[in-house]
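Scroll down for the structure; my scribbles are underneath it.
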Amino acid sequence: MRVSRLMLVTLRDDPAEAEIASHKLLLRAGYIRRLSPGIYAYLPLMWRVLRKVAQVVREEMDRAGALETLLPQLQPADLWQRSGRWAGYTAGEGIMFHLEDRQGREFGLGPTHEEVITTLAGDLLRSYRQLPVNLYQIQTKFRDEIRPRFGLMRGREFIMKDAYSFHADEQSLQQAYAEMDGAYRRIFARCGLRAVAVEADSGAIGGSASQEFMVTAEAGEDLILASSDGRYAANQERAISLPPEAVPLAAGPLASGAGELLETPDQASIDSLCRGQGLDSTQVVKVLLQLARFESGLQQPLLLVLRGDQQLNTVKLANGLNGRFAERHGALLAVEPLSPEALERQGLAPLPFGYLGPQLSDAVLAPARDWQPHFLRLVDHTAADLPCFVCGANQPGAHLLGASWSGLGLTPSALDLRAAQPGDRCLHDPSQRLEASRGIEVGHIFQLGRKYSTAMEACFTTEAGSQEPFWMGCYGIGVSRLAQAAVEQHHDAHGICWPLPIAPFEVLVVPANGADPVQGELAEQLYAELQHAGVDVLLDDRSERAGVKFKDGDLLGIPWRVVVGRGAAAGRLELVDRRGGDPQDLAAAELVPHLVECIGRQRQGLLPPC
RNA sequence: CGGGAUGUGGCGCAGCUUGGUAGCGCACUUCGUUCGGGACGAAGGGGCCGCAGGUUCGAAUCCUGUCAUCCCGACCA
């Protein structure tokens with residue numbers, strides 16, 4: 001390809017819409033253009049990158065025995081109703097774009113394809129003899145994100161590889177899951193990305209085990225907690241750890257654990273309470289009131305209890321709620337703090353926020369119009385394990401000192417609600433501490449189990465002749481996100497430095513002075529030779545000054561640059577590695593064999609040599 | 001959804017306080033000089049100043065409304 005024919009438009013200034021380096025560079029170098037928030041056109045250069053990423057993905061999926069397919073993006077609502085996800089994905093914080101056709105039938109634009117694929121599998125896979133099967137596709141997904149950002153990182157329309165496997169038993173599923181884990185590691189290595197696998201929450205998709213693949217980068221939206229011995233790494237949403245030891249309460253239990261009233265005016269926060277009373281935050285129990293709304297219309301007030309130094313992990317909370325209510329009340333639509341205004345709308349008396357204790361009576365909810373008239377009380381282990389503590393007295397300006405669970409007449413059943421923090425001790429080895437880093441989630445693999453096959457009644461006949469739902473796995477890679485993550489991980493002050501396997505072109509040939517016929521002819525000759533040698537080569541044939549072509553070349557990030565300049569008359573040229581290092585001076589005849597050898601090696605990405 | 005900011009040619013911005021129907025840099029077109037790290041000179045094209053009302057003799061500028069985009073937040077009372 002010639003630059004003069006490439007529709008290349010580069011920008012000198014950073015567009016105001018971009019915040020992170022990769023987003024700015026993709027816009028400036030003419031790879032993408034925004035049409036609407038979270039919706040981007042992939043310009044010809046970007047499309048070449050995306051096709052290369054897709055090809056690596058395709059080769060590794062095929063190698064693992066998966067079958068490529070292409071499923072509809074427009075999906076009928078009743079499929080999603082059958083799996084129970086329609087309401088959760090369209091109402092509330094739902095992320096599915098949906099629409100009606102002229103007959104009034106409802107459709108969603110596919111954010112994912114479990115429903116479609118499970119239906120097909122149920123139709124086509126009748127016997128255990130046909131299993132296992134792993135189907136994948138590479139296509140555009142649609143998600144109405146609350147807040148699209150960072151270019152292709154969190155778009156509303158994006159390219160994804162999604163795969164779904166079907167098995168006769170759990171062991172076969174686990175085997176496929178392990179194979180996908182291996183395939184994913186090869187994919188990211190082949191794309192030249194440093195990626196780490198971390199334990200993850202299964203989120204809205206559901207299922208049991210799941211693992212995310214994170215490209216490490218400062219701009220990442222996810223917080224990774226990992227031990228330095230490399231034996232534990234998890235998304236913070238999922239991470240577990242040992243909490244710091246609590247400082248024993250010097251006063252001990254008072255009034256048989258009912259606690260003594262402590263005057264604490266203007267000490268409505270844990271911070272001010274501890275400062276004012278000389279307490280440690282591990283000696284205090286804090287209470288959060290929230291409201292959970294479910295698909296069935298159930299509005300359940302929550303009374304959450306954590307130790308004062310701990311933070312609520314909303315993902316763990318949502319999982320706990322789904323576990324208790326999903327069966328009878330459908331999907332969890334939202335969890336939000338109970339506001340004074342909301343209390344008023346329900347006709348309830350104001351509550352002393354900042355002075356609440358776990359002994360708060362259900363009686364305060366009795367007059368509620370729409371809410372359940374009792375709290376669901378959830379207590380984190382850190383709070384439940386305290387033998388005695390300080391808590392709110394449920395009246396303004398007062399706390400209870402020396403309270404205990406039995407003394408308050410409570411018998412909490414504890415669960416894990418706390419967010420693990422950097423610096424926490426690890427469960428597998430308490431001498432290890434969790435360290436934080438940031439990552440961009442580029443892949444996620446799940447063992448779904450039989451959730452969808454049961455819901456969609458997708459069954460096969462077993463060897464014994466009975467009907468059973470499939471065991472399923474699903475495996476995603478954000479293709480367009482991966483491409484941008486590569487830029488985030490591989491750039492410098494001058495522009496992009498693509499890993500060669502996914503670069504739009506492998507070599508850029510630049511005649512320094514286009515007006516010099518000797519340089520022009522040699523450049524053309526090398527361009528033709530490299531093409532014949534099977535190299536993806538771009539020739540900068542524009543009548544620009546050398547400086548302009550070099551600047552644009554750096555911005556575009558093509559791994560190798562061949563400069564045909566003053567030495568052309570003597571048959572010499574320069575070979576420059578975009579990632580840095582001194583230019584090599586070569587004879588024209590040496591170039592093609594030399595480059596073909598280098599590029600051949602680099603096409604393996606970061607894969608270890610066999 | 002809450003908070004903040006911004007909407008002026010393709011991109012980045014000034015002008016708005018103190019109303020008098022638009023300007024700078026980059027990009028684009030033509031000519032000349034230049035030619036190994038975003039050249040210089042000359043000439044040129046392109047904007048109903050987000051949109052809708054209002055105030056005024058007159059609005060990019062003041063007022064009201066509305067839309068859009070970006071950033072922060074949407075767990076800790």
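Note on naming: letters A, B, ... go to the chains in the order of the sequence lines (proteins, then strands), and numbering restarts at 1 for each one.
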Would you sort out whether Ser210(A) and His444(A) count as a side-chain hydrogen bond (donor to acceptor under 3.5 Å, both in side chains), showing the intermediate values?
CA-CA 7 Å; Ser210(A) 99; His444(A) 201 157; 2.9 Å; yes
Residue [X], side-chain heavy atoms: nucleotide from [options] that is nearest:
X: Ser269(A); options: rG36(B), rC75(B), rA77(B); value: rA77(B)
X: Leu555(A); options: rC75(B), rG38(B), rU69(B); value: rG38(B)
X: Gln311(A); options: rA77(B), rC75(B), rG36(B); value: rC75(B)
X: Ala512(A); options: rA74(B), rC75(B), rG36(B); value: rG36(B)
X: Pro37(A); options: rG37(B), rG36(B), rC70(B); value: rC70(B)
X: Arg34(A); options: rG37(B), rA74(B), rU69(B); value: rU69(B)

Could you tell me whether the side chains of [X] and [Y] share a donor-acceptor contact shorter than 3.5 Å?
X: Gln310(A); Y: Asp380(A); answer: no
X: Glu212(A); Y: Asn235(A); answer: yes
X: Asp309(A); Y: Ser281(A); answer: no

Pi stacking test for Phe550(A) and rG37(B): under 5.5 Å apart, planes under 30°:
no
Test Arg542(A) against Asp552(A) for salt bridge (Lys or Arg N to Asp or Glu O under 4.0 Å), laying out the working first.
CA-CA 11 Å; Arg542(A) 297 175 299 176; Asp552(A) 274 344; 3.0 Å; yes
In whole Å, I'd like the distance from the [atom1] atom of [X] to the [atom2] atom of [N].
X: Arg293(A); N: rA74(B); atom1: CZ; atom2: C1'; value: 14 Å
X: Glu221(A); N: rG73(B); atom1: CD; atom2: P; value: 10 Å
X: Leu291(A); N: rA74(B); atom1: CG; atom2: P; value: 18 Å
X: Leu356(A); N: rA77(B); atom1: CG; atom2: P; value: 11 Å
X: Leu508(A); N: rG36(B); atom1: CG; atom2: P; value: 17 Å
X: Arg149(A); N: rU69(B); atom1: CZ; atom2: C1'; value: 15 Å
X: Leu304(A); N: rA77(B); atom1: CG; atom2: P; value: 13 Å
X: Leu317(A); N: rC76(B); atom1: CG; atom2: P; value: 13 Å

Both distances below 3.5 Å, Watson-Crick or wobble geometry, any strand: find the nucleotide opposite [N].
N: rA74(B); answer: none
N: rU69(B); answer: rA5(B)
N: rC31(B); answer: rG41(B)
N: rC24(B); answer: rG12(B)
N: rU64(B); answer: rA52(B)
N: rG46(B); answer: none

[atom1] gap between [N] and [M], integer Å:
N: rC51(B); M: rA43(B); atom1: C1'; value: 37 Å
N: rC31(B); M: rC63(B); atom1: P; value: 49 Å
N: rG2(B); M: rU17(B); atom1: P; value: 31 Å
N: rG25(B); M: rG9(B); atom1: C1'; value: 13 Å
N: rA22(B); M: rA59(B); atom1: P; value: 12 Å
N: rA77(B); M: rC13(B); atom1: P; value: 37 Å
N: rC16(B); M: rU61(B); atom1: P; value: 13 Å
N: rU69(B); M: rG50(B); atom1: C1'; value: 10 Å

Do any N or O atoms of the protein come closer than 3.5 Å to N or O atoms of nucleotides 3-11 of chain B, and which pairs are they?
none

Do side-chain atoms of Gln283(A) reach the backbone of Asp280(A) as a donor and acceptor pair under 3.5 angstrom?
yes
For Glu529(A) and Ala589(A), indicate whether the former's side chain and the latter's backbone hold a donor-acceptor pair under 3.5 Å.
no
How many angstroms lie between atom CG of Leu152(A) and atom CZ of Arg34(A), to the nearest 0.5 angstrom?
12.5 Å
Which pairs, protein N/O on one side and nucleotides 28-34 of chain B N/O on the other, fall under 3.5 Å?
{"from": "rU34(B)", "atom 1": "O2", "to": "Arg545(A)", "atom 2": "NH1", "distance (Å)": "2.8"}

First of Arg28(A) and Leu338(A) reached from the 5' end of RNA chain B, by closest nucleotide:
Arg28(A)
Residue closer to the 5' end of RNA chain B, Val548(A) versus Gly354(A) (nearest nucleotide)
Val548(A)
Is the distance between the ring centroids of Tyr31(A) and Trp47(A) under 6.0 Å?
no
Does the structure place the NZ or CZ of Arg377(A) under 6.0 Å from the centre of the six-membered ring of Phe375(A), at an angle of no more than 45° from the ring's axis?
no
With a distance cut-off below 6.0 Å to the six-membered ring centre and an angular limit of 45° from the axis, does Arg48(A) pair with Phe505(A) as a cation-pi contact?
yes
Determine the interplanar angle of the Phe325(A) and Phe294(A) rings, folded into 0 to 90°, and report it as parallel if under 30°, tilted if 30 to 60°, perpendicular if over 60°.
tilted
Mind checking Val510(A) for me? I need base, sugar-phosphate or nothing, with any heavy atom below 4.0 Å counting as a touch.
nothing
